[in-house]
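Taking it in order: structure first as structure tokens, then the write-up.
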2 protein chains.
Amino acid sequence: MPKRVDHAERRTEIAEALVRVAGRRGLHAVGMRDVAAEAGVSLRLVQYYFETKEKLLLFGLEHLAARLGDRVAARVRAAGDNPGPRAMVEALLMAALPADDESRTFHHLYTSYAVLSVNDRALAAQPFIKNPNAAEDAVTETLRRAQEVDLLEPGLDARLEAVSLLAMSAGLGTSILVGQRSPESAAAVLQHHLDRIFRAHGGAASTQKAPE
Amino acid sequence: MPKRVDHAERRTEIAEALVRVAGRRGLHAVGMRDVAAEAGVSLRLVQYYFETKEKLLLFGLEHLAARLGDRVAARVRAAGDNPGPRAMVEALLMAALPADDESRTFHHLYTSYAVLSVNDRALAAQPFIKNPNAAEDAVTETLRRAQEVDLLEPGLDARLEAVSLLAMSAGLGTSILVGQRSPESAAAVLQHHLDRIFRAHGGAASTQKAPE
DNA sequence: AACATCATGGTACGTTCGTATCACAAACTG
DNA sequence: CAGTTTGTGATACGAACGTACCATGATGTT
């Protein structure tokens, strides 16, 4: 049986098993044995590809962040081949809302990791500062470009608006997660705020009606 | 030694020990023995006053929510004997930001519980829907009163603004918690957004200095 | 004074968890 | 073909955890 095997691929499979089972039962309740069972391999194998649980968790977080990034990028791409600034920002923010099962899991686990990172130096490093900062920069840059072609209300501070939007999106995401708010109502709140920032004008391709 | 003892008081002491130790080491890492040690009692005692760990956690959450409520109320009261709507909203939102150690612990643990509540029906019930809804109602009501005396920019939807503000505050809180943003910068973002909603006018006692 | 009840301590039990160990077959290397 | 490396299984081990059990002194009641 033991043929040569691609470690990276194997690790990814196991990490995805981790994400699945953690999404179902909560990150705190996941053990090595659960991950092994979910991945359909033996406990020993999980140990073999990640020597320790902490390394598994760490890799799981990186994997999760990467997948989240992919997802956002896909949404932005899906907004059209040359999307306007508003459509782009909208896609980015909406992708971050836990609307479907997959993004719900993302949000749930990302928050779980965030909580762990408060007490675990190793988890804190990258994803909770670098990634949000990247998102902030991206939104800021998009807003700046919108400003240059006069698509924004005058007198706005692009970075400040970017931070506000992302904070709002994150906060709304959490309230969806705990069941306080529906995804639709959260999306409406975001739309409303975008309406306030972007100038209303005739024929743009962004504020259509009901998204999926 | 065994004299008659006030159970409620005892339970509160233990719950506060739970909050302290959980704030230090993370909720996931707290066991009965840790709580007992922190409270300076025996393991048996913790078992005696809360038969099961789940009940301890549940009570801890209730206690935390109540203390958080007290804290917000105190901040609002501290805003003056008859604070204007803006000062009131400001106090409420700022109190929710993890600026000092105590509110940092609040935010940390509240988020921990929120994550647990996704998979634990018993934890979900009250605090993550009822309390936020109450806050939302309070802010909405305050904004409505501000509208009546023409303190807001015209044409705003009070409830929508309240939701936006609270979501932003929550999102900023999390980013402070994970170390992405400073409390000062988060406060500035909130102030900026309040400036946009409330009409600028001469002598209010709220929007003092410069952001960043 | 006798007795029930309350508060508390100590400790044992069964489980689960992360990790380590032993064993072995397949695949590559020379 | 011999030998080393690599992938995989089964299982054992020690620690920690939540809970249960047993004991006992203090308090209140009759």
Side-chain angles (χ1 to χ4, degrees), chain A residues 1-22 24-61 109 112-113 115-116 119-123, chain B residues 1-22 24-61 109 112-113 115-116 119-123:
Chain A
M1 286 169 169
K3 53 191 171 227
R4 233 43 161 235
V5 131
D6 181 352
H7 271 222
E9 190 181 331
R10 208 67 130 157
R11 284 164 63 90
T12 298
E13 282 169 20
I14 295 179
E16 277 175 355
L18 162 66
V19 168
R20 280 197 304 275
V21 66
R24 243 182 290 123
R25 304 216 281 265
L27 189 60
H28 68 285
V30 173
M32 300 276 188
R33 288 166 175 86
D34 304 294
V35 175
E38 175 76 22
V41 301
S42 74
L43 169 60
R44 180 65 181 85
L45 261 272
V46 179
Q47 273 191 274
Y48 182 68
Y49 289 104
F50 307 88
E51 344 230 304
T52 178
K53 187 189 185 182
E54 183 165 10
K55 289 181 187 165
L56 169 60
L57 286 179
L58 214 55
F59 186 83
L61 175 54
L109 294 188
S112 301
Y113 274 114
V115 166
L116 290 188
N119 302 104
D120 186 330
R121 208 99 0 198
L123 285 182
Chain B
M1 286 179 168
K3 51 192 174 225
R4 237 37 163 234
V5 131
D6 181 353
H7 272 222
E9 191 181 328
R10 205 66 131 165
R11 285 163 63 91
T12 298
E13 281 169 20
I14 296 179
E16 277 174 355
L18 163 66
V19 168
R20 280 196 305 275
V21 68
R24 243 183 291 123
R25 303 216 282 263
L27 190 59
H28 67 286
V30 174
M32 301 282 224
R33 287 165 175 87
D34 304 294
V35 175
E38 174 76 22
V41 302
S42 73
L43 170 60
R44 181 65 180 83
L45 262 271
V46 179
Q47 272 192 273
Y48 182 67
Y49 289 104
F50 306 87
E51 342 227 310
T52 178
K53 188 189 185 183
E54 183 164 11
K55 288 181 186 165
L56 169 59
L57 286 179
L58 213 56
F59 186 83
L61 175 55
L109 294 188
S112 302
Y113 275 115
V115 166
L116 289 189
N119 303 104
D120 187 330
R121 209 112 341 211
L123 284 181

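Basis for what follows: all heavy atoms, side chains included, without hydrogens, waters or symmetry-related copies. Protein chains get the first letters and strands the later ones, always in sequence-line order, with residue 1 at the start of each.
- A 4.5 Å side-chain heavy-atom check between B/Tyr48 and B/His7 finds at least one atom pair inside the cut-off.
- Residue A/His7 places no side-chain N or O under 4.0 Å from the OP1 or OP2 atom of D/dT6.
- A distance of 10.0 Å separates CG of B/Leu61 from CG of B/Asp120, quoted to the nearest 0.5 Å.
- The shortest non-hydrogen separation linking A/Asn119 to B/Gly26 is OD1-CA, 3.2 Å.
- For the pair A/Tyr48 OH and C/dA23 C1', the computed distance is 15 Å after rounding to whole Å.
- Listed by first and then second residue, the salt bridge (Lys or Arg N to Asp or Glu O under 4.0 Å) pairs involving residues 30-39 of chain A are A/Arg20-A/Glu38, A/Arg24-A/Glu38, A/Arg25-A/Asp34 (not counting sequence neighbours).
- Once rounded to the nearest 0.5 Å, the distance linking CD of B/Glu13 with CG of B/Leu45 reads 10.5 Å.
- Residues in residues 50-60 of chain B take part in no side-chain hydrogen bond (donor to acceptor under 3.5 Å, both in side chains) pair, two or more places apart or across chains.
- A heavy-atom distance below 4.5 Å is not found between the side chains of B/Tyr113 and A/Val115.
- Residue contacts for A/Tyr49: at a heavy-atom cut-off of 4.0 Å it reaches the sugar-phosphate backbone alone, with no base atom in range.
- In terms of modelled atom types and a separation under 3.5 Å, the side chain of A/Arg11 and the main chain of A/Tyr49 share a donor-acceptor contact.
- Near DNA chain C, defined here as any heavy-atom distance below 4.0 Å, there are no residues from residues 10-20 of chain A.
- Separating the CG atom of B/Leu57 from the P atom of D/dC17 is a distance of 14 Å, rounded to the nearest angstrom.
- Partners of B/Val35 under the side-chain contact (heavy atoms from CB on, under 4.5 Å) rule, at least two apart in sequence or in another chain, are B/Ile14, B/Ala17, B/Leu18, B/Val21, B/Val30, B/Leu56.
- Here the side chains of A/Leu27 and A/Leu57 are in contact, with some heavy-atom distance below 4.5 Å.
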Protein-nucleic acid N or O pairs under 3.5 Å, nucleotides 3-5 of chain C:
none

Practice task
For nucleotides 13-22 of chain C, just jot down a letter per nucleotide in 5' to 3' order: B, S or -, based on protein non-hydrogen atoms under 4.0 Å.
Solution key: ----BBBBB-
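- Computed from coordinates, the A/Leu45 CG to D/dG9 P distance equals 5 Å when rounded to whole Å.
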